[in-house]
Each structure stands twice: as structure tokens, then as C-alpha cells.
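To start, the structure itself, in C-alpha cells.
Just so you know, these numbers use all the heavy atoms, side chains as well, and skip hydrogens, waters and symmetry mates. Chain identifiers are assigned alphabetically (A, B, ...) following the order of the sequence lines, protein sequences preceding nucleic acid strands; residue numbering begins at 1 within each chain.
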Protein chains: 2
Amino acid sequence: MPRVVVNVMPKPEILDPQGKAVTGALKRIGFDGMTVRQGKRFEVEVDGEITPEVLERVSQAAEKLLANTVIEAYEVVAG
Amino acid sequence: MPRVVVNVMPKPEILDPQGKAVTGALKRIGFDGMTVRQGKRFEVEVDGEITPEVLERVSQAAEKLLANTVIEAYEVVAG
């Protein structure tokens with residue numbers, strides 16, 4: 001089935017407490033030199049072909065529901 | 001700074017209650033014909049170049065901490 005991916009990440013200027021916690025936890029178990037930011041990945045299966053209209057519709061879904069655009073940025077990727 | 005992305009998704013055979021909730025919510029606000037699975041995206045900034053060794057190290061971090069490999073699958077992607 002055709003798939004569109006929506007990546008949602010905290011905006012660069014926004015604190016990311018989850019990412020900070022993960023970065024600290026990695027350090028504690030020996031993984032130094034890694035800084036992590038944590039976001040969400042949505043895999044959206046759509047009916048029919050992936051057209052520019054479908055991508056636009058998924059973008060609207062991201063804008064309205066998948067991302068909180070005050071604090072998060074999203075990108076829509078075919079495949 | 002060089003970046004490695006780790007995508008973590010619920011395994012296909014695992015129920016995904018978050019994804020189901022999102023799918024239902026999209027339907028209610030008028031976005032029909034989309035089925036969503038929800039996972040996590042980690043953007044990992046690493047010191048130095050992205051070498052096969054660095055990717056292997058990030059894979060180990062994913063295996064140990066970022067993913068729960070009983071119920072989640074992960075992929076490690078440069079960039």
C-alpha cells in the first residue's frame with residue numbers, strides 16, 4: 001500500500017526534555033559523544049496513488065493533528 | 001554536525017494503540033482513507049565523521065536503549 005511518512009521534531013529553539021533524558025541515559029551506559037533529539041515518526045498508508053494532492057492532504061493532517069506547530073516542525077516524505 | 005537518524009516503529013504484528021487513536025481522530029476531522037502507525041524518530045548528533053563504525057555504534061545504542069526490540073523494529077540511517 002502506498003505510504004507517506006511524516007516526521008515531527010521539536011523545533012530547534014524548543015527544549016527537548018525527552019531527548020536530553022535519552023542523551024544522559026546513553027552517556028551513563030557508555031555511549032559518549034551522542035546528542036539526541038527525540039521526535040515522532042508517522043507512517044501513513046493512503047488509498048490509491050501518491051499524488052501531489054495526496055501529499056498536500058497528508059500535510060494538512062500533519063498541520064491539524066500530527067504536529068503541534070507551535071513547538072514542533074514536520075516534514076512530509078513520500079515512501 | 002554529522003547526524004544519524006534512528007527510526008523506531010512498532011513491529012507489524014504488534015498492535016499500535018497510538019496509531020489507531022490517531023487514525024480514528026483523523027477520520028473524525030474529515031481525513032478519511034489514511035491508516036497511521038506511530039513510532040519514534042531520534043536524531044543523533046555524533047562527534048566526528050559518520051563512518052561505518054559510528055553507524056555500528058549508533059545501532060548498538062538503538063539495540064540497547066532507543067528501541068524495545070521485543071515489540072519495536074529500528075533502522076539506522078546516515079543524514
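Heavy-atom pairs under 4.5 Å with chain B peak, among A:Thr23, A:Val6, A:Val44, at A:Val44. Chain A forms the most heavy-atom pairs under 4.5 Å with one residue out of B:Gly48, B:Ala61, B:Gly30, and that residue is B:Ala61. Highest contact tally toward chain B, considering only A:Asp47, A:Asp32, A:Val4, is held by A:Asp47 [criterion: heavy-atom pairs under 4.5 Å]. Contact count versus chain A (heavy atoms, under 4.5 Å) is highest, among B:Asn7, B:Val58, B:Val22, for B:Asn7.
Both A:Leu55 and A:Val46 are members of a single hydrophobic cluster when ILVMFWY side chains are connected at heavy-atom separations under 4.5 Å. Hydrophobic cluster membership differs between A:Met9 and A:Ile71, with clusters built from Ile, Leu, Val, Met, Phe, Trp and Tyr side chains linked at under 4.5 angstrom. Hydrophobic clustering of Ile, Leu, Val, Met, Phe, Trp and Tyr side chains at less than 4.5 Å, counting indirect connections, keeps B:Phe31 apart from A:Val77. Hydrophobic cluster membership is shared by B:Val36 and A:Val8, with clusters built from Ile, Leu, Val, Met, Phe, Trp and Tyr side chains linked at under 4.5 angstrom.
Applying the 6.0 Å contact sphere to NZ of A:Lys27 captures no more than 12 heavy atoms from other residues, nucleotides or ligands. By the neighbour-count criterion of 12 heavy atoms within 6.0 Å, atom CD1 of B:Ile29 is densely surrounded, having more than that number from other residues, nucleotides or ligands. Within a 6.0 Å radius of NZ in B:Lys64, other residues, nucleotides and ligands contribute 12 heavy atoms or fewer.
By the 4.5 Å heavy-atom criterion applied to side chains, A:Phe42 and B:Arg37 are not counted as neighbours. In this structure, the side chains of A:Arg41 and B:Lys40 stay at 4.5 Å or more apart for every pair of heavy atoms.
Contact of A:Leu65 with chain B is made through the side chain alone, with heavy-atom distances under 4.5 Å. In this structure, the portions of B:Gln60 lying under 4.5 Å from any heavy atom of chain A include both its backbone and its side chain.
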Could you walk me through whether A:Glu45 and B:Met34 pass the side-chain contact (heavy atoms from CB on, under 4.5 Å) check? CA-CA 6 Å; A:Glu45 286 190 351; B:Met34 298 185 185; over 6 Å; no
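Here CG of B:Leu26 is found 5.5 Å from CG of A:Leu66. Values are rounded to the nearest 0.5 Å. One distance of note links CD of A:Glu43 with OG1 of B:Thr35; it measures 12.0 Å at 0.5 Å rounding.
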